Number of protein chains: 4
Amino acid sequence: MTDKQIKIVQAAVEIFSEKGFAGSSTSEIAQKAGVAEGTIFRHYKTKKELLLSIVAPMMTKLIAPFAVKDFTKVLEADYPDVEQFLRAITVNRLEFARKHFPVIKIFMHEIPFHPDLREQFKETVASLVLEKAYKAIRHFQARGQLIELPAPTTMRLITSTIFGFLIARFLLLPDREWNETEEIDRTINFILYGLAPRS
Amino acid sequence: MTDKQIKIVQAAVEIFSEKGFAGSSTSEIAQKAGVAEGTIFRHYKTKKELLLSIVAPMMTKLIAPFAVKDFTKVLEADYPDVEQFLRAITVNRLEFARKHFPVIKIFMHEIPFHPDLREQFKETVASLVLEKAYKAIRHFQARGQLIELPAPTTMRLITSTIFGFLIARFLLLPDREWNETEEIDRTINFILYGLAPRS
Amino acid sequence: MTDKQIKIVQAAVEIFSEKGFAGSSTSEIAQKAGVAEGTIFRHYKTKKELLLSIVAPMMTKLIAPFAVKDFTKVLEADYPDVEQFLRAITVNRLEFARKHFPVIKIFMHEIPFHPDLREQFKETVASLVLEKAYKAIRHFQARGQLIELPAPTTMRLITSTIFGFLIARFLLLPDREWNETEEIDRTINFILYGLAPRS
Amino acid sequence: MTDKQIKIVQAAVEIFSEKGFAGSSTSEIAQKAGVAEGTIFRHYKTKKELLLSIVAPMMTKLIAPFAVKDFTKVLEADYPDVEQFLRAITVNRLEFARKHFPVIKIFMHEIPFHPDLREQFKETVASLVLEKAYKAIRHFQARGQLIELPAPTTMRLITSTIFGFLIARFLLLPDREWNETEEIDRTINFILYGLAPRS
DNA sequence: TATGAATGAGTATTCATTCAT
DNA sequence: GATGAATGAATACTCATTCAT
């Protein structure tokens, strides 16, 4: 990646996340990047390819924590109970969101309008992550730490809660003073009690 | 609203929700609506005004359930416990989402890119709804039915869960066979147990 | 055809014939036509469509003299001998070339680069004209007025000579003083003697 | 000429003859030649110069058979009658066309759009060749082997016929099975009889 | 000598918007 | 009120050409 290429990507991320893909013009990106418009197209055949070059690698990183070979072993070794497991992924994804927020924003906005992006997401992300996540859910259900609900339902409830936190934290109220550790505690407790086996 | 106007709005909703506002062209809307291009601009000064004419009324409807004068009285009269309250708004918003799904989709996609829309939302929706919602939360906290967390946190946890359900239902997996009543039960129980005062 | 549309076509003919299709820009055409660039594309979806709208009707006119139903009857009734037949088509095509010279020029230059144009030409023009032409050749061969060569060879020799005349007249030396009747006489005599049955 | 330069010229000939000069891009030529884009411009200052470097030498070769010093002597010594003369140039130009067909095609397509090319052609080719050709025509007229027509007219009739043959052979129907010797015979006989002094 | 990244003017085409009918 | 022809600025993208390496 040349120096100019990096500048192009940075400018594109900034502008895409601010105005959306369709609302951004390559001329504006070129200007912000300080390069000629033609330079963009030397590196990326189309505007869309530029978008993909930004968004695709993010997808890979998104699923990184689940891309371990022997997931069951990791579960057993590292996470004696659900709480620690949930806390780990929450903190981990919080940092991920903090770092890649603009790209994630672009991704979430564009995915409904680009069937190819959606397909790629389903194939790589969804299948891998869901498989692992369901495994984890059943793992903790078997240990009596989670209520016996269908895995997809459990998954939905957990995901909603964590995503809801991230959206509130970075999208809706990024400027509020956040006591992050406390909010994380509350969020995780909410999940734990919400999904605890009914006595 | 003339017959043509209705067709324009219908076409616009369809196309905006499919391609996004910036990705849609007025000529395409005119074509789908079966009117001349100029006709759109006779009724709406700009493309943006057409968007607002679609999205703004939806906002009003969105907050309708909270736009009652004596909210406390309603709470006391109609909802003896949290469960019935939560169930009522969940079912109610589920129907709302089912009915206005495309418009809601447009709204959620465009709000980050239109500061005026965002402002309008904050002023009308957020303030009114939040005020009422916080009131309800404190109401049930006072009755010992909800754990004593800050209202915004409680609000976030409830909203995440309900929105998560709606998103899963209509956006992510609209084609799956949904046993809606069961899923609603599980969702509400999740919230109730998650927010029950710790014994 | 609106007034502007006529101006666009006129300008396009002029510029295409001067610089070739690929060497002409739509902006230049718009300027010469005195219309906005967008106006061109309201009437013709693409630059290529503009080209076709110019060139296609010419093809139809080109074959007009051969598009008679009962060609044999026409031959028998109107042309007692080859000479009169040849003279008729030569004069006729001369006038045609004089009238449509720029369009013919465009056509001949572009046909090698547009397979669709070539195909259309083969289907409509070539098949119809060749069929009729071969019929005429055999007609006059049967009457002993033309040497017994294969029709395609005879056709080639006649066509070369007439086209050669038209090219010299309009393309190579348009500015020379031409004694047209005399040159036509010489040209036709050349063909007649060249194809007379050897005694 | 370096190895790369040869490849550039070969690629350029191929692409120019396929798409026309204006329709070809230097990048495509570079790609097909297997060199960097810049390399083309190291050898040829502009795209046009590349065209000229291809087309100009062909012009010289085109007139080669006429570029003999004592043309009259050659006529007397080598060609006892018109037939042999015509046959010689026909066969000779046939081979030339076979060998340089793509370049000839480029040349004929571009000459109307490049005044400088046209000028160069008129100066070198036309004047020299015409002078010699007229000399030959008058030579054979004086010997009673050609009808007494103005030399330009005679020249036109001969040239049309031979070019017509070449065009049919290589451009219009290159894939047909050609019995070349027979067609040459017919073509030359056509000219001979067409231009024989009327008895 | 050859490269290929970089340029910026230029390309065909689309767009939201206007306006005479 | 409705039309659709007309606009011209803007769009994504291509081009011939330059130049530092």
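Every chain is numbered from 1 and lettered A, B, ... according to where its sequence line falls, protein lines coming before strand lines. Keep in mind the model is a prediction, meaning the values are calculated, not measured.
Under the 3.5 Å distance criterion, with hydrogens and angles disregarded, a donor-acceptor pair is assigned to the side chains of A/Thr26 and A/Glu37.
Judged by Watson-Crick or G-U wobble contacts below 3.5 Å, the nucleotide F/dA10 has E/dT13 as its partner. Pairing partner, E/dA20: F/dT3, with both Watson-Crick or wobble hydrogen-bond distances short of 3.5 Å.
Comparing C/Lys4 and D/Ser27 along DNA chain F, the residue whose closest nucleotide (by nearest heavy atom) sits nearer the 5' end is C/Lys4. Heavy-atom distances to DNA chain F give each of D/Phe41 and A/Ser25 a nearest nucleotide, and the one nearer the 5′ end belongs to A/Ser25. Remark on DNA chain E: of its neighbouring residues A/Gly34 and B/Gly38, the 5'-side contact belongs to A/Gly34, judged by nearest-heavy-atom nucleotide.
Going from atom CZ of D/Phe107 over to atom CE of D/Met58 covers 5.0 Å, rounded to the nearest 0.5 Å.
Side-chain proximity of A/Arg42 to the nucleotides E/dA2, E/dT7, F/dT11 is greatest for E/dT7. Of the candidates E/dC15, E/dA12, F/dT7, E/dA12 carries the atom nearest the C/Glu37 side chain, counting heavy atoms from C-beta on. With F/dT3, F/dA5, F/dC13 as the candidates, the nucleotide lying closest to the side chain of B/Ala36 is F/dT3.
Atom CD in A/Glu49 sits roughly 15 Å away from atom P in F/dA12 (whole-Å rounding). Between the CD1 atom of A/Ile40 and the P atom of F/dT14 there is a distance of 13 Å, given to the nearest Å. Atom CZ in C/Phe16 sits roughly 12 Å away from atom C1' in E/dA12 (whole-Å rounding). As a whole-Å value, the separation of C/Tyr44 OH from F/dA5 C1' is 13 Å. Atom pair A/Glu28:CD and F/dA9:P shows a separation of 19 Å (rounding to whole Å applied). If you take NZ of C/Lys7 and P of F/dA6, they are 11 Å apart, rounded to a whole angstrom. Atom CD1 of D/Ile15 and atom P of F/dA16 are 11 Å apart (whole Å). In this structure, A/Asp3 atom CG and F/dA20 atom C1' are separated by 15 Å, rounded to whole Å.
Residue A/Thr39 has no polar side-chain atom (N or O) positioned under 4.0 Å from OP1 or OP2 of E/dG8. For F/dA6, the OP1/OP2 oxygens have a side-chain nitrogen or oxygen of C/Thr2 closer than 4.0 Å. Contact annotation: B/Lys48 does not reach the phosphate of E/dA16 (side-chain N/O to OP1 or OP2, under 4.0 Å). For E/dC15, neither phosphate oxygen OP1 nor OP2 lies less than 4.0 angstrom from any side-chain nitrogen or oxygen of B/Thr26. In this structure, D/His43 does not reach the E/dT1 phosphate: none of its side-chain N or O atoms is under 4.0 Å from OP1 or OP2. For E/dT14, neither phosphate oxygen OP1 nor OP2 lies less than 4.0 angstrom from any side-chain nitrogen or oxygen of C/Lys45.
Between the side chain of B/Lys19 and the backbone N or O of B/Ser24, no donor-acceptor pair lies under 3.5 Å.
The aromatic ring centroids of B/Phe16 and B/His109 lie 6.0 Å or more from each other.
For the side-chain contact (heavy atoms from CB on, under 4.5 Å) criterion with A/Val35, the lone passing option out of A/Asp3, A/Ile29, A/Ile8 is A/Ile8.
Figure legend: cation-pi geometry between A/Lys47 and A/Phe21, with NZ or CZ positioned under 6.0 Å from the six-membered ring centre and within 45° of its axis.
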